[in-house]
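What follows is a short report on a single structure.
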Amino acid sequence: MLCQECNKMPATVHLTKIVNDKKTETHLCQQCASEKGELEFAFEPKFPIHHFFAGLLDFDGFETPVGIPGKTKIQCNNCGLTYAQFSQIGRLGCSDCYESFGEKLNSLLRRIHGSTRHTGKVPQRSGSAIKVKKELEQLRKDMQKKIADEEFEEAARIRDKIRELEKDTEGGGE
Amino acid sequence: MAQDKFWVKNLSKWMEGTGPDSEVVLTSRVRLARNIKNIPFPYLASDTQTQKIFNDVNRVVGNHKGEFKDFTFIKLEEMESLERQLCVEKHIISPQMAKDVRNSFVLLRNDEAVSIMINEEDHIRIQCLFPGLQLEGAWNLADKIDDIMESDLDYAFNEDRGYLTACPTNVGTGIRVSLMMHLPGLVITKQINRILSALSQVGLVVRGLYGEGTEVIGNIVQISNQITLGQSEKEIIRNLYAVAKQLIEQEEEARQNLLNESRENLADRAGRALGILSNARIVSSQEAMQLLSDLRLGVDLGLIDFDSKIINHLLVTIRPAHLQSMERKELDAYERDVCRATLIREKFIGSSK
(Lines give C-alpha, C1' and ligand atoms only; values in the text may rest on other atoms or scores of the structure.)
Protein backbone atom coordinates (compact mmCIF):
# COMPACT_ATOMS: atom_id res chain seq x y z
CA MET A 1 0.00 0.00 0.00
CA LEU A 2 1.30 3.44 -0.92
CA CYS A 3 1.07 6.52 1.26
CA GLN A 4 -2.15 8.44 0.64
CA GLU A 5 -0.41 11.79 0.93
CA CYS A 6 2.62 11.50 -1.33
CA ASN A 7 1.76 8.33 -3.28
CA LYS A 8 5.48 7.60 -3.42
CA MET A 9 6.52 5.83 -0.26
CA PRO A 10 5.01 2.66 1.24
CA ALA A 11 2.47 3.40 3.97
CA THR A 12 3.79 2.35 7.36
CA VAL A 13 1.56 4.46 9.62
CA HIS A 14 -2.05 3.30 9.75
CA LEU A 15 -4.47 5.54 11.55
CA THR A 16 -8.05 4.68 12.42
CA LYS A 17 -10.13 7.56 13.74
CA ILE A 18 -13.63 7.11 15.13
CA VAL A 19 -15.44 10.41 15.60
CA ASN A 20 -19.15 10.26 16.49
CA ASP A 21 -19.31 6.63 15.34
CA LYS A 22 -17.90 7.62 11.95
CA LYS A 23 -14.82 5.61 11.15
CA THR A 24 -12.06 6.92 8.88
CA GLU A 25 -8.85 5.18 7.97
CA THR A 26 -5.66 6.90 6.86
CA HIS A 27 -2.51 5.25 5.58
CA LEU A 28 0.67 7.28 5.47
CA CYS A 29 4.41 6.91 5.14
CA GLN A 30 6.65 7.90 8.05
CA GLN A 31 7.65 11.18 6.42
CA CYS A 32 4.13 12.42 5.73
CA ALA A 33 2.87 11.20 9.07
CA SER A 34 5.46 13.20 10.95
CA GLU A 35 4.97 16.25 8.71
CA LYS A 36 1.24 16.21 9.34
CA GLY A 37 0.85 18.01 12.63
CA GLU A 38 -2.22 16.15 13.87
CA LEU A 39 -0.62 12.72 13.63
CA GLU A 40 1.57 13.47 16.56
CA PHE A 41 1.71 9.94 17.86
CA ALA A 42 3.98 9.17 14.91
CA PHE A 43 6.90 10.64 16.81
CA GLU A 44 5.74 10.64 20.40
CA PRO A 45 8.96 11.97 21.85
CA LYS A 46 8.67 11.08 25.52
CA PHE A 47 7.49 7.53 25.02
CA PRO A 48 10.70 5.52 24.70
CA ILE A 49 12.42 7.01 27.72
CA HIS A 50 9.54 6.12 29.99
CA HIS A 51 9.58 2.56 28.81
CA PHE A 52 13.21 2.60 29.63
CA PHE A 53 12.37 3.80 33.15
CA ALA A 54 9.82 1.08 33.67
CA GLY A 55 12.57 -1.40 32.88
CA LEU A 56 14.96 0.22 35.33
CA LEU A 57 12.33 0.36 38.04
CA ASP A 58 11.23 -3.24 37.59
CA PHE A 59 14.82 -4.20 38.06
CA ASP A 60 14.51 -3.11 41.69
CA GLY A 61 12.51 -6.27 42.24
CA PHE A 62 15.70 -8.29 42.31
CA GLU A 63 17.08 -6.17 45.08
CA THR A 64 14.16 -6.68 47.47
CA PRO A 65 15.50 -8.86 50.27
CA VAL A 66 13.72 -12.17 50.79
CA GLY A 67 11.27 -12.22 53.68
CA ILE A 68 10.21 -8.59 53.39
CA PRO A 69 6.83 -8.08 51.76
CA GLY A 70 7.69 -6.70 48.31
CA LYS A 71 4.67 -4.60 47.42
CA THR A 72 4.34 -1.96 50.10
CA LYS A 73 2.65 1.06 48.60
CA ILE A 74 4.93 4.07 48.54
CA GLN A 75 3.04 7.31 48.10
CA CYS A 76 3.94 10.98 48.14
CA ASN A 77 2.17 12.76 51.03
CA ASN A 78 2.03 16.05 49.20
CA CYS A 79 0.63 15.20 45.77
CA GLY A 80 -0.56 11.63 46.27
CA LEU A 81 1.43 10.11 43.43
CA THR A 82 2.38 6.48 44.09
CA TYR A 83 5.71 4.99 43.13
CA ALA A 84 3.90 2.56 40.82
CA GLN A 85 2.28 5.49 39.01
CA PHE A 86 5.63 7.25 38.74
CA SER A 87 7.24 4.20 37.17
CA GLN A 88 4.49 4.19 34.54
CA ILE A 89 4.42 7.91 33.79
CA GLY A 90 8.16 8.44 34.21
CA ARG A 91 7.55 11.81 35.80
CA LEU A 92 7.32 12.83 39.43
CA GLY A 93 4.28 14.68 40.74
CA CYS A 94 5.86 17.40 42.86
CA SER A 95 9.14 18.37 44.46
CA ASP A 96 8.24 16.42 47.63
CA CYS A 97 8.23 13.18 45.63
CA TYR A 98 12.03 13.32 45.74
CA GLU A 99 11.81 12.94 49.54
CA SER A 100 8.90 10.52 49.55
CA PHE A 101 10.50 8.05 47.15
CA GLY A 102 13.89 8.48 48.81
CA GLU A 103 16.16 5.49 48.52
CA LYS A 104 14.22 3.96 45.63
CA LEU A 105 14.79 7.09 43.60
CA ASN A 106 18.46 7.16 44.53
CA SER A 107 19.16 3.90 42.76
CA LEU A 108 17.36 5.24 39.68
CA LEU A 109 19.35 8.49 39.79
CA ARG A 110 22.56 6.54 40.09
CA ARG A 111 21.66 4.60 36.97
CA ILE A 112 20.72 7.70 34.99
CA HIS A 113 23.41 10.13 36.16
CA GLY A 114 25.98 7.96 37.89
CA SER A 115 25.56 10.20 40.93
CA THR A 116 22.99 11.26 43.51
CA ARG A 117 24.55 14.50 44.69
CA HIS A 118 24.18 17.93 43.12
CA THR A 119 27.43 19.86 42.80
CA GLY A 120 26.33 22.74 40.58
CA LYS A 121 24.65 26.08 41.07
CA VAL A 122 22.93 26.96 44.36
CA PRO A 123 20.16 29.57 44.26
CA GLN A 124 21.45 32.90 45.60
CA ARG A 125 18.57 33.81 47.88
CA SER A 126 17.18 30.47 49.15
CA GLY A 127 20.68 29.02 48.92
CA SER A 128 21.87 31.20 51.79
CA ALA A 129 19.11 29.68 53.92
CA ILE A 130 20.50 26.26 53.06
CA LYS A 131 23.89 27.33 54.32
CA VAL A 132 22.38 28.56 57.59
CA LYS A 133 20.36 25.36 57.90
CA LYS A 134 23.51 23.30 57.50
CA GLU A 135 25.27 25.37 60.14
CA LEU A 136 22.35 24.97 62.56
CA GLU A 137 22.34 21.21 62.08
CA GLN A 138 26.01 21.07 62.86
CA LEU A 139 25.62 23.27 65.97
CA ARG A 140 22.78 21.12 67.31
CA LYS A 141 24.93 18.05 66.86
CA ASP A 142 27.80 19.76 68.68
CA MET A 143 25.47 20.76 71.51
CA GLN A 144 24.17 17.21 71.97
CA LYS A 145 27.73 15.98 72.11
CA LYS A 146 28.68 18.54 74.76
CA ILE A 147 25.63 17.59 76.84
CA ALA A 148 26.57 13.93 76.56
CA ASP A 149 30.08 14.81 77.66
CA GLU A 150 28.57 16.84 80.53
CA GLU A 151 30.29 20.01 79.35
CA PHE A 152 27.22 22.09 80.16
CA GLU A 153 28.89 25.47 79.99
CA GLU A 154 30.02 24.79 76.44
CA ALA A 155 26.59 23.41 75.56
CA ALA A 156 24.92 26.59 76.85
CA ARG A 157 27.28 28.71 74.77
CA ILE A 158 26.34 26.74 71.62
CA ARG A 159 22.64 26.98 72.56
CA ASP A 160 22.90 30.77 72.66
CA LYS A 161 24.59 30.73 69.26
CA ILE A 162 21.78 28.59 67.82
CA ARG A 163 19.17 30.98 69.24
CA GLU A 164 20.95 33.90 67.69
CA LEU A 165 21.13 32.23 64.29
CA GLU A 166 17.48 31.22 64.49
CA LYS A 167 16.50 34.77 65.39
CA ASP A 168 18.50 36.07 62.43
CA THR A 169 16.84 33.78 59.93
CA GLU A 170 13.36 34.49 61.27
CA GLY A 171 13.83 38.24 61.33
CA GLY A 172 15.99 38.84 58.31
CA GLY A 173 14.94 35.97 56.10
CA GLU A 174 12.63 36.01 53.05
CA MET B 1 -3.16 33.54 11.82
CA ALA B 2 -2.34 37.16 12.49
CA GLN B 3 0.66 38.11 10.38
CA ASP B 4 1.51 41.18 12.44
CA LYS B 5 2.82 39.15 15.41
CA PHE B 6 6.60 39.31 15.35
CA TRP B 7 7.02 35.60 16.07
CA VAL B 8 4.96 34.86 12.96
CA LYS B 9 6.40 37.54 10.73
CA ASN B 10 10.09 37.69 11.63
CA LEU B 11 13.00 35.31 11.41
CA SER B 12 14.83 34.41 14.60
CA LYS B 13 18.23 35.86 15.39
CA TRP B 14 19.80 32.40 15.47
CA MET B 15 18.96 31.89 11.80
CA GLU B 16 21.44 34.54 10.75
CA GLY B 17 24.19 31.93 10.66
CA THR B 18 26.72 34.17 12.36
CA GLY B 19 28.91 33.48 15.40
CA PRO B 20 32.13 31.54 16.00
CA ASP B 21 32.64 28.31 14.04
CA SER B 22 29.39 28.93 12.19
CA GLU B 23 30.54 26.82 9.24
CA VAL B 24 29.97 23.72 11.36
CA VAL B 25 27.94 24.84 14.37
CA LEU B 26 24.55 26.30 13.47
CA THR B 27 23.27 27.03 16.98
CA SER B 28 24.14 26.80 20.67
CA ARG B 29 21.31 26.31 23.12
CA VAL B 30 21.13 26.29 26.91
CA ARG B 31 17.94 25.36 28.71
CA LEU B 32 17.34 25.48 32.48
CA ALA B 33 14.45 23.59 34.12
CA ARG B 34 13.07 25.20 37.28
CA ASN B 35 10.07 24.60 39.53
CA ILE B 36 8.33 26.49 42.31
CA LYS B 37 8.28 25.01 45.80
CA ASN B 38 5.18 23.19 47.10
CA ILE B 39 3.22 23.28 43.85
CA PRO B 40 2.74 20.05 41.89
CA PHE B 41 4.48 19.86 38.51
CA PRO B 42 2.32 21.19 35.65
CA TYR B 43 0.82 17.88 34.51
CA LEU B 44 -0.58 17.27 38.03
CA ALA B 45 -1.28 20.87 38.96
CA SER B 46 -4.78 22.34 39.04
CA ASP B 47 -5.77 25.30 36.88
CA THR B 48 -5.52 27.56 39.93
CA GLN B 49 -2.00 26.32 40.62
CA THR B 50 -0.75 26.73 37.05
CA GLN B 51 -2.37 30.16 37.01
CA LYS B 52 -0.43 30.99 40.17
CA ILE B 53 2.82 30.03 38.46
CA PHE B 54 2.01 32.41 35.63
CA ASN B 55 1.05 35.18 38.08
CA ASP B 56 4.32 34.65 39.97
CA VAL B 57 6.42 34.92 36.82
CA ASN B 58 4.36 37.90 35.72
CA ARG B 59 5.13 39.58 39.05
CA VAL B 60 8.86 38.99 38.55
CA VAL B 61 8.64 40.56 35.11
CA GLY B 62 6.75 43.52 36.63
CA ASN B 63 9.41 43.95 39.30
CA HIS B 64 12.22 43.90 36.75
CA LYS B 65 10.79 45.99 33.93
CA GLY B 66 14.22 47.04 32.69
CA GLU B 67 15.55 43.53 32.25
CA PHE B 68 12.35 42.31 30.59
CA LYS B 69 11.56 45.34 28.44
CA ASP B 70 12.08 43.43 25.16
CA PHE B 71 9.92 40.48 26.23
CA THR B 72 6.34 39.60 25.29
CA PHE B 73 3.98 37.14 27.00
CA ILE B 74 2.19 34.79 24.63
CA LYS B 75 -0.60 32.52 25.82
CA LEU B 76 -0.45 29.20 24.00
CA GLU B 77 -4.18 28.54 24.24
CA GLU B 78 -4.74 31.71 22.24
CA MET B 79 -2.51 30.54 19.42
CA GLU B 80 -3.82 28.55 16.50
CA SER B 81 -2.30 25.10 16.16
CA LEU B 82 -0.45 26.14 12.99
CA GLU B 83 1.05 29.10 14.82
CA ARG B 84 2.26 26.82 17.60
CA GLN B 85 3.79 24.50 15.03
CA LEU B 86 5.55 27.51 13.55
CA CYS B 87 7.07 28.25 16.96
CA VAL B 88 8.23 24.64 17.24
CA GLU B 89 9.95 24.92 13.86
CA LYS B 90 11.70 28.06 15.08
CA HIS B 91 12.68 26.24 18.29
CA ILE B 92 10.86 28.84 20.40
CA ILE B 93 8.79 26.17 22.15
CA SER B 94 9.18 22.41 22.49
CA PRO B 95 7.09 19.98 20.40
CA GLN B 96 5.59 18.70 23.64
CA MET B 97 4.47 22.17 24.65
CA ALA B 98 2.68 22.69 21.33
CA LYS B 99 0.59 19.61 22.12
CA ASP B 100 -0.29 20.26 25.74
CA VAL B 101 -1.21 23.93 25.95
CA ARG B 102 -3.21 24.00 29.18
CA ASN B 103 -2.34 27.25 30.98
CA SER B 104 1.02 27.45 29.23
CA PHE B 105 2.71 30.65 28.25
CA VAL B 106 5.92 31.63 26.60
CA LEU B 107 7.77 34.77 27.55
CA LEU B 108 9.65 35.59 24.40
CA ARG B 109 12.38 38.14 23.74
CA ASN B 110 11.77 40.10 20.56
CA ASP B 111 14.84 38.69 18.79
CA GLU B 112 13.73 35.17 19.82
CA ALA B 113 17.13 34.43 21.36
CA VAL B 114 15.47 33.95 24.76
CA SER B 115 12.24 32.10 25.37
CA ILE B 116 10.93 31.31 28.82
CA MET B 117 8.37 28.52 28.77
CA ILE B 118 5.85 28.51 31.59
CA ASN B 119 3.94 25.38 32.59
CA GLU B 120 5.66 23.09 30.16
CA GLU B 121 6.96 19.82 31.64
CA ASP B 122 8.40 21.97 34.43
CA HIS B 123 6.96 25.21 35.80
CA ILE B 124 9.66 27.34 34.21
CA ARG B 125 12.10 26.58 31.45
CA ILE B 126 14.57 29.24 30.46
CA GLN B 127 16.02 28.79 27.00
CA CYS B 128 18.77 30.79 25.30
CA LEU B 129 19.47 30.09 21.66
CA PHE B 130 22.52 31.66 20.02
CA PRO B 131 23.96 31.27 16.52
CA GLY B 132 27.33 29.54 16.13
CA LEU B 133 29.39 28.05 18.95
CA GLN B 134 28.51 30.29 21.91
CA LEU B 135 27.75 27.93 24.78
CA GLU B 136 29.38 30.18 27.34
CA GLY B 137 27.42 33.22 26.17
CA ALA B 138 24.13 31.31 26.17
CA TRP B 139 24.84 29.95 29.67
CA ASN B 140 25.77 33.36 31.09
CA LEU B 141 22.52 34.86 29.86
CA ALA B 142 20.40 31.93 31.09
CA ASP B 143 22.20 32.10 34.44
CA LYS B 144 21.47 35.82 34.73
CA ILE B 145 17.77 35.39 33.93
CA ASP B 146 17.64 32.50 36.40
CA ASP B 147 19.05 34.75 39.14
CA ILE B 148 16.43 37.42 38.41
CA MET B 149 13.65 34.83 38.59
CA GLU B 150 15.03 33.37 41.80
CA SER B 151 15.23 36.77 43.47
CA ASP B 152 11.41 36.79 43.63
CA LEU B 153 10.46 33.11 43.42
CA ASP B 154 10.95 30.19 45.81
CA TYR B 155 12.48 27.45 43.71
CA ALA B 156 12.12 23.79 44.53
CA PHE B 157 15.73 23.13 45.47
CA ASN B 158 17.31 20.53 47.67
CA GLU B 159 20.94 20.66 48.68
CA ASP B 160 21.53 17.02 47.72
CA ARG B 161 19.34 16.74 44.64
CA GLY B 162 19.76 20.29 43.37
CA TYR B 163 16.96 21.81 41.30
CA LEU B 164 14.01 19.42 41.44
CA THR B 165 12.37 18.65 38.11
CA ALA B 166 9.36 16.66 36.90
CA CYS B 167 11.53 14.17 35.08
CA PRO B 168 14.43 12.62 37.02
CA THR B 169 16.58 12.88 33.89
CA ASN B 170 16.76 16.67 34.44
CA VAL B 171 17.25 16.86 38.20
CA GLY B 172 20.34 18.52 39.68
CA THR B 173 21.48 21.37 37.50
CA GLY B 174 18.32 21.15 35.37
CA ILE B 175 20.53 22.13 32.46
CA ARG B 176 20.36 20.85 28.92
CA VAL B 177 23.06 22.19 26.63
CA SER B 178 22.81 21.41 22.94
CA LEU B 179 24.57 22.18 19.71
CA MET B 180 23.13 21.90 16.23
CA MET B 181 25.95 20.85 13.94
CA HIS B 182 26.23 20.44 10.18
CA LEU B 183 28.58 17.52 9.52
CA PRO B 184 28.50 16.65 5.79
CA GLY B 185 32.25 15.89 5.67
CA LEU B 186 31.94 13.16 8.26
CA VAL B 187 28.84 11.76 6.53
CA ILE B 188 30.45 11.64 3.06
CA THR B 189 33.64 10.03 4.40
CA LYS B 190 31.44 7.54 6.31
CA GLN B 191 32.96 8.35 9.70
CA ILE B 192 29.80 9.75 11.22
CA ASN B 193 28.35 6.59 12.80
CA ARG B 194 31.61 5.62 14.43
CA ILE B 195 32.06 9.10 15.88
CA LEU B 196 28.48 9.60 17.02
CA SER B 197 28.35 6.24 18.78
CA ALA B 198 31.52 7.20 20.64
CA LEU B 199 29.72 10.29 21.97
CA SER B 200 27.32 8.21 24.05
CA GLN B 201 30.31 6.96 25.98
CA VAL B 202 31.14 10.45 27.19
CA GLY B 203 27.61 11.16 28.44
CA LEU B 204 26.29 12.93 25.34
CA VAL B 205 23.19 12.24 23.27
CA VAL B 206 22.76 12.67 19.53
CA ARG B 207 19.38 13.52 18.08
CA GLY B 208 17.80 14.89 14.91
CA LEU B 209 16.99 18.51 14.17
CA TYR B 210 13.82 18.66 16.24
CA GLY B 211 14.95 16.83 19.36
CA GLU B 212 14.14 13.46 20.80
CA GLY B 213 12.86 10.88 18.37
CA THR B 214 13.34 12.92 15.21
CA GLU B 215 15.52 11.60 12.42
CA VAL B 216 18.75 13.09 11.17
CA ILE B 217 18.18 14.88 7.87
CA GLY B 218 20.32 17.24 5.85
CA ASN B 219 23.47 16.07 7.70
CA ILE B 220 22.41 18.10 10.74
CA VAL B 221 22.66 16.56 14.19
CA GLN B 222 21.83 17.87 17.63
CA ILE B 223 24.28 16.95 20.38
CA SER B 224 23.44 17.47 24.05
CA ASN B 225 24.36 16.42 27.56
CA GLN B 226 22.62 13.44 29.14
CA ILE B 227 23.82 13.84 32.72
CA THR B 228 22.46 16.69 34.85
CA LEU B 229 23.28 15.49 38.36
CA GLY B 230 26.73 15.25 39.89
CA GLN B 231 28.44 17.62 37.47
CA SER B 232 28.43 21.40 37.72
CA GLU B 233 27.01 23.53 34.91
CA LYS B 234 30.51 24.67 33.99
CA GLU B 235 31.74 21.06 33.76
CA ILE B 236 28.80 20.07 31.58
CA ILE B 237 29.38 23.02 29.25
CA ARG B 238 33.14 22.47 29.12
CA ASN B 239 32.61 18.80 28.31
CA LEU B 240 30.29 19.58 25.39
CA TYR B 241 32.57 22.38 24.22
CA ALA B 242 35.61 20.10 24.19
CA VAL B 243 33.74 17.46 22.22
CA ALA B 244 32.40 20.08 19.81
CA LYS B 245 35.91 21.41 19.19
CA GLN B 246 37.09 17.90 18.32
CA LEU B 247 34.10 17.30 16.09
CA ILE B 248 34.76 20.58 14.29
CA GLU B 249 38.38 19.60 13.81
CA GLN B 250 37.44 16.15 12.45
CA GLU B 251 34.79 17.66 10.20
CA GLU B 252 37.24 20.22 8.84
CA GLU B 253 39.86 17.57 8.26
CA ALA B 254 37.33 15.42 6.41
CA ARG B 255 36.33 18.44 4.30
CA GLN B 256 39.98 19.21 3.53
CA ASN B 257 40.65 15.61 2.50
CA LEU B 258 37.60 15.65 0.28
CA LEU B 259 38.75 18.91 -1.23
CA ASN B 260 42.22 17.53 -1.97
CA GLU B 261 41.05 14.22 -3.37
CA SER B 262 37.77 15.00 -5.08
CA ARG B 263 37.44 18.71 -5.55
CA GLU B 264 35.55 18.38 -8.84
CA ASN B 265 33.09 15.90 -7.30
CA LEU B 266 32.28 18.29 -4.46
CA ALA B 267 31.92 21.26 -6.80
CA ASP B 268 29.72 19.12 -9.04
CA ARG B 269 27.58 18.11 -6.09
CA ALA B 270 27.11 21.70 -4.94
CA GLY B 271 26.47 22.88 -8.50
CA ARG B 272 23.84 20.19 -9.07
CA ALA B 273 22.19 21.08 -5.78
CA LEU B 274 22.05 24.71 -6.87
CA GLY B 275 20.69 23.66 -10.26
CA ILE B 276 17.93 21.50 -8.83
CA LEU B 277 16.95 23.97 -6.12
CA SER B 278 16.85 26.87 -8.61
CA ASN B 279 14.66 24.99 -11.06
CA ALA B 280 12.66 22.27 -9.33
CA ARG B 281 8.89 22.61 -9.14
CA ILE B 282 8.21 19.89 -6.55
CA VAL B 283 10.61 19.32 -3.64
CA SER B 284 10.07 17.22 -0.50
CA SER B 285 11.52 18.59 2.72
CA GLN B 286 13.96 15.70 2.99
CA GLU B 287 15.31 16.29 -0.52
CA ALA B 288 15.50 20.03 0.06
CA MET B 289 17.44 19.56 3.31
CA GLN B 290 19.93 17.25 1.59
CA LEU B 291 20.40 19.63 -1.35
CA LEU B 292 20.79 22.63 0.95
CA SER B 293 23.44 20.66 2.83
CA ASP B 294 25.31 19.91 -0.42
CA LEU B 295 25.10 23.54 -1.43
CA ARG B 296 26.24 24.80 1.97
CA LEU B 297 29.27 22.51 1.85
CA GLY B 298 30.21 23.92 -1.55
CA VAL B 299 29.82 27.48 -0.24
CA ASP B 300 31.82 26.77 2.94
CA LEU B 301 34.68 25.35 0.85
CA GLY B 302 34.66 28.28 -1.55
CA LEU B 303 33.68 26.10 -4.51
CA ILE B 304 30.54 28.04 -5.24
CA ASP B 305 29.57 31.64 -4.60
CA PHE B 306 26.27 31.92 -2.78
CA ASP B 307 24.84 33.81 0.19
CA SER B 308 24.83 31.26 3.03
CA LYS B 309 22.34 33.37 4.99
CA ILE B 310 19.66 32.31 2.50
CA ILE B 311 20.48 28.66 3.18
CA ASN B 312 20.15 29.24 6.91
CA HIS B 313 16.77 30.90 6.57
CA LEU B 314 15.48 28.16 4.30
CA LEU B 315 16.32 25.43 6.84
CA VAL B 316 13.37 26.75 8.83
CA THR B 317 11.13 28.45 6.29
CA ILE B 318 10.69 25.30 4.16
CA ARG B 319 9.12 23.46 7.13
CA PRO B 320 5.39 22.66 6.86
CA ALA B 321 4.01 25.26 9.30
CA HIS B 322 6.12 28.04 7.77
CA LEU B 323 4.91 27.20 4.27
CA GLN B 324 1.30 27.10 5.41
CA SER B 325 1.67 30.33 7.31
CA MET B 326 3.15 31.95 4.22
CA GLU B 327 0.27 30.75 2.06
CA ARG B 328 -2.19 31.54 4.85
CA LYS B 329 -4.00 28.23 4.42
CA GLU B 330 -3.62 24.52 5.11
CA LEU B 331 -1.68 22.58 2.52
CA ASP B 332 -1.47 18.84 1.91
CA ALA B 333 1.90 17.17 1.38
CA TYR B 334 1.87 17.61 -2.39
CA GLU B 335 0.87 21.28 -2.18
CA ARG B 336 3.63 21.84 0.35
CA ASP B 337 6.22 20.28 -1.97
CA VAL B 338 5.12 22.65 -4.75
CA CYS B 339 5.02 25.63 -2.42
CA ARG B 340 8.46 24.72 -1.02
CA ALA B 341 9.98 24.56 -4.51
CA THR B 342 8.45 27.94 -5.36
CA LEU B 343 9.79 29.55 -2.21
CA ILE B 344 13.30 28.22 -2.84
CA ARG B 345 13.25 29.37 -6.48
CA GLU B 346 12.17 32.84 -5.46
CA LYS B 347 14.89 33.10 -2.82
CA PHE B 348 17.53 31.87 -5.25
CA ILE B 349 16.79 34.42 -7.97
CA GLY B 350 19.59 36.93 -7.88
CA SER B 351 21.46 35.14 -5.11
CA SER B 352 23.70 32.95 -7.21
CA LYS B 353 26.50 34.98 -8.63
Side-chain angles (χ1 to χ4, degrees), chain A residues 3-8 28-32 34-38 40 42-50 53 76 78-81 86 89-99 105-106 108-110 112-127 130-131 133-134 174, chain B residues 35 37-41 43-45 81-82 85 95-96 98-99 121 143 146-147 150-151 154-169 171-173 175 203 210-215 226-236 284-286 320-321 332-334 336-337:
Chain A
C3 169
Q4 293 177 343
E5 284 276 340
C6 63
N7 288 319
K8 278 188 230 155
L28 301 165
C29 68
Q30 192 66 41
Q31 172 85 12
C32 293
S34 53
E35 277 196 16
K36 265 179 95 76
E38 68 263 36
E40 277 147 350
F43 56 107
E44 193 69 54
K46 284 288 163 191
F47 188 65
I49 199 151
H50 297 151
F53 274 158
C76 174
N78 186 45
C79 68
L81 191 83
F86 160 62
I89 308 166
R91 273 184 246 162
L92 295 155
C94 69
S95 46
D96 286 8
C97 289
Y98 281 92
E99 288 293 321
L105 207 54
N106 273 350
L108 178 68
L109 291 177
R110 255 192 297 274
I112 299 173
H113 300 287
S115 168
T116 59
R117 232 189 131 76
H118 176 61
T119 57
K121 185 176 177 179
V122 173
Q124 288 188 334
R125 195 171 46 83
S126 53
I130 287 174
K131 259 185 228 147
K133 205 181 91 191
K134 263 192 157 173
E174 298 299 301
Chain B
N35 289 284
K37 230 161 87 181
N38 300 332
I39 298 179
F41 298 135
Y43 83 100
L44 267 191
S81 103
L82 188 58
Q85 213 50 47
Q96 190 203 340
K99 272 190 277 176
E121 184 182 294
D143 186 32
D146 183 43
D147 285 344
E150 201 265 332
S151 67
D154 283 325
Y155 278 162
F157 180 86
N158 169 299
E159 45 187 311
D160 287 336
R161 304 277 169 274
Y163 294 92
L164 306 176
T165 54
C167 187
T169 51
V171 76
T173 52
I175 200 173
Y210 285 89
E212 244 173 81
T214 61
E215 59 183 320
Q226 171 87 304
I227 291 167
T228 56
L229 184 66
Q231 293 179 357
S232 73
E233 291 82 354
K234 284 256 152 84
E235 284 171 323
I236 291 168
S284 73
S285 83
Q286 180 137 21
D332 64 26
Y334 171 76
R336 287 202 299 271
D337 289 353

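First the proteins, then the strands, lettered A, B, ... as listed; each starts at 1. As the structure is a computational prediction, the values presented were derived from the model and not from experiment.
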With a 4.5 Å heavy-atom cut-off, do A:Ile112 and B:Pro168 have their side chains touching? yes
What's the shortest heavy-atom distance between A:Lys121 and B:Tyr163, and which atoms? O-CE1, 3.5 Å
Taking the six-membered ring of B:Tyr43 as reference, does the cationic atom of A:Arg91 (NZ for Lys, CZ for Arg) lie under 6.0 Å from its centre and within 45° of its axis? yes
Verdict with supporting geometry, B:Asp332 and A:Gln4, side-chain contact (heavy atoms from CB on, under 4.5 Å): CA-CA 10 Å; B:Asp332 64 26; A:Gln4 293 177 343; over 6 Å; no
Hey, does the side chain of B:Glu150 reach the backbone of A:Pro123 with a donor-acceptor pair shorter than 3.5 angstrom? no
Choice from B:Thr173, B:Ile236, B:Asp147 maximising heavy atom contacts with chain A below 4.5 Å: B:Asp147
Measuring from A:Leu81:CG to B:Phe41:CZ, what's the distance to the nearest 0.5 Å? 10.0 Å
Check A:Cys94 against B:Pro40 and note the closest heavy-atom contact, atom names and distance. CB-CA, 3.7 Å
Which heavy atom of A:Ser115 sits nearest a heavy atom of B:Gly230, and at what distance? OG-CA, 3.4 Å
Could you check if a side-chain atom of B:Asp154 sits within less than 4.5 angstrom of a side-chain atom of A:Arg125, using non-hydrogen atoms only? yes
B:Ser284, part contacting chain A, at a heavy-atom distance under 4.5 Å: neither
For B:Glu235 and A:Thr119, work out which heavy atoms get closest and say how close. OE1-OG1, 4.5 Å
Quick check for you: to the nearest 0.5 Å, what is the distance between B:Asp160 atom CG and A:Leu109 atom CG? 11.0 Å
Where A:His113 and B:Thr169 come nearest, the two heavy atoms and their spacing: CE1-O, 3.3 Å
